[in-house]
Amino acid sequence: MKESRAKNDYNLLAPFYDWLGKAMFFGAIAKSQRRFLHDIPINARILFIGGGTGFLLNDLLESARPECIYYVEKSSEMIRKSEEACTHQDNQKVHFIHGTQDDLPDEFSCNVVLSFFFFDQFEAKELMEIFHLLDKKTSAEAWWLWSDFIPPETWWQRILMNTMLRFFQFTTELSTRRVFHVPEMFVQSGYLIEKEDFFYKGFIRSVVMKKAGGLSPVGLPGK
């Protein structure tokens, strides 16, 4: 019997993942991830979840000058490419973790989280479970940088989103059939939106959020 692939497995796409994004979105995906890197506080402890091919690591080390970066990626091929791509003189500050959020050290804590095109892999319930697990790893006034697609609002966005979802369901065993208003979910759980910007005619959104101390997590917002 043929063994089924794991859910959200990007090993097959790793060799041409960045090229695919450039070809389809004319560089908007990379621009959205770089948009707020300069807002990251110097000497931060950064968690980069679902980092992909690592094309952002050198820029991140240069602009943020972090204390450390914990770089978590499920795909072994993506981790390999990330290690090769990270050539900055401070690359020893990057701790590569081949796994998921469940593989973070128990004692790990951070004050900045980067989640770029990561939460679009999950249904709402699992999405929020992962968020709350990561949120417990953050300090009281942590910053969270998020970039991703918004739920489609126009006819061309719906066609493009359905095409992408079908493609990733075939190639990666994608876990979800839709995307969500993720920043608004985070707001319901105690974060404040500080800055935002849009790319690719509004279909891609980048947001900087800050944790508001003392607010208790609540359930999913209505859609």
Side-chain angles (χ1 to χ4, degrees), residues 5-105 108 110-122 130 134 137-138 143-149 164 167-168 171-174 182 199-200 204 206-208:
R5 286 183 287 125
K7 294 287 186 182
N8 305 326
D9 183 352
Y10 281 75
N11 278 342
L12 290 177
L13 293 183
F16 53 92
Y17 184 79
D18 289 339
W19 174 88
L20 189 64
K22 291 178 182 178
M24 290 187 65
F25 299 102
F26 305 99
I29 288 178
K31 289 178 183 177
S32 73
Q33 295 180 56
R34 289 190 171 100
R35 176 64 179 89
F36 294 116
L37 290 188
H38 289 283
D39 288 80
I40 296 174
I42 300 299
N43 204 39
R45 293 177 57 83
I46 299 174
L47 169 60
F48 198 158
I49 185 76
T53 62
F55 79 91
L56 204 63
L57 278 172
N58 292 325
D59 291 345
L60 184 58
L61 287 165
E62 184 68 24
S63 64
R65 288 179 280 163
E67 176 186 329
C68 63
I69 301 172
Y70 276 71
Y71 195 81
V72 182
E73 173 55 56
K74 183 177 180 178
S75 164
S76 58
E77 284 300 305
M78 292 290 197
I79 281 285
R80 182 185 63 79
K81 289 179 71 68
S82 297
E83 291 174 334
E84 291 177 353
C86 190
T87 57
H88 193 275
Q89 61 183 2
D90 291 330
N91 59 6
Q92 75 280 356
K93 294 182 177 180
V94 183
H95 304 272
F96 292 97
I97 297 178
H98 174 211
T100 70
Q101 60 282 345
D102 296 321
D103 297 297
L104 285 166
F108 172 78
C110 65
N111 49 11
V112 175
V113 180
L114 308 183
S115 58
F116 300 144
F117 298 87
F118 170 71
F119 283 105
D120 58 8
Q121 302 176 87
F122 309 105
I130 294 172
L134 296 177
K137 299 287 188 180
T138 64
W143 294 87
W144 199 304
L145 278 66
W146 171 95
S147 293
D148 216 321
F149 297 100
M164 288 192 296
F167 173 76
F168 284 106
T171 56
T172 72
E173 296 290 325
L174 187 70
V182 173
F199 302 83
Y200 203 73
I204 296 173
S206 293
V207 178
V208 178

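Take Asp59 and apply the side chain to side chain donor-acceptor pair (under 3.5 Å) test, not counting sequence neighbours, and it matches Arg34. Looking at residues two or more places apart in sequence or on another chain, you find no side chain to side chain donor-acceptor pair (under 3.5 Å) involving Trp143. Applying the ring pair (Phe, Tyr, Trp, His ring centres under 6.0 Å) test to Tyr70 and every residue at least two apart in sequence or in another chain returns His95, Phe108. Evaluation of the ring pair (Phe, Tyr, Trp, His ring centres under 6.0 Å) rule for His88 yields no partner, not counting sequence neighbours. Looking at residues two or more places apart in sequence or on another chain, you find no ring pair (Phe, Tyr, Trp, His ring centres under 6.0 Å) involving Trp146. With sequence neighbours excluded, the residues that form a side chain to side chain donor-acceptor pair (under 3.5 Å) with Arg80 are Glu77, Glu84. Every residue meeting the side chain to side chain donor-acceptor pair (under 3.5 Å) condition with Ser82, not counting sequence neighbours, appears here in chain and number order: Tyr71. Applying the side-chain contact (heavy atoms from CB on, under 4.5 Å) rule to Thr100 yields the partners Lys74, Asp102, Asp103; only residues at least two apart in sequence or on another chain are considered.
Considering all non-hydrogen atoms of both residues, Phe117 and Ile204 come closest at CZ-CG2, 3.8 Å. In terms of heavy atoms, Ser75 sits closest to Glu73 at N-OE2, 3.0 Å. A pairwise comparison of heavy atoms in Gln101 and Ile130 identifies NE2-CG1, 3.6 Å as the closest pair.
In this structure, OG in Ser115 is found 8.0 Å from CG in Leu134, a value given to the nearest 0.5 Å. Note: Thr53 OG1 to Glu83 CD = 13.0 Å, rounded to the nearest 0.5 Å.
A donor-acceptor distance shorter than 3.5 angstrom exists from the side chain of Lys137 to the backbone of Pro105, with no hydrogens or angles considered. Ser147 places a side-chain N or O within donor-acceptor distance of the main-chain N or O of Ser32, the cut-off being under 3.5 Å. The backbone N or O of Cys86 lies less than 3.5 Å from a partner atom in the side chain of Asn91, making a donor-acceptor pair. Counting only distance, with no hydrogens or angles, the side chain of Gln121 and the backbone of Phe118 share a donor-acceptor pair below 3.5 Å.
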* **Intermediate values then yes/no, side-chain contact (heavy atoms from CB on, under 4.5 Å), Thr138 and Val113** => CA-CA 8 Å; Thr138 64; Val113 180; 3.6 Å; yes
* To do: Given side-chain contact (heavy atoms from CB on, under 4.5 Å), test Phe96 with Leu57 step by step and report yes or no.
  => CA-CA 11 Å; Phe96 292 97; Leu57 278 172; 3.8 Å; yes
* Test side-chain contact (heavy atoms from CB on, under 4.5 Å) on Phe199 and Arg35 and set out the steps. => CA-CA 10 Å; Phe199 302 83; Arg35 176 64 179 89; 3.9 Å; yes
* Show your working on side-chain contact (heavy atoms from CB on, under 4.5 Å) between Trp144 and Val112 and close with a plain yes or no. => CA-CA 6 Å; Trp144 199 304; Val112 175; over 6 Å; no
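By the 4.5 Å heavy-atom criterion applied to side chains, Ile69 and Lys93 are not counted as neighbours. Two residues are said to be in side-chain contact when any heavy atoms from C-beta on lie closer than 4.5 Å; Val94 and Gln92 fail this criterion.
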Compile the donor-acceptor pairs under 3.5 Å between side chains in residues 37-51 and protein atoms, sequence neighbours left out, one pair per line.
from: Asp39; atom 1: OD2; to: Lys195; atom 2: NZ; distance (Å): 2.4
from: Arg45; atom 1: NE; to: Ser109; atom 2: O; distance (Å): 2.8
from: Arg45; atom 1: NH1; to: Glu67; atom 2: OE2; distance (Å): 3.1
from: Arg45; atom 1: NH2; to: Ser109; atom 2: O; distance (Å): 3.4

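Evaluated for a side chain to side chain contact (heavy atoms under 4.5 Å, CB included) with Phe36, the options Val208, Leu114, Val207 yield exactly one hit, Val208.
For Phe25 and Phe149, the distance between ring centers is under 6.0 angstrom.
Heavy atoms from other residues, nucleotides or ligands lying under 6.0 Å from NZ of Lys31 number 12 at most.
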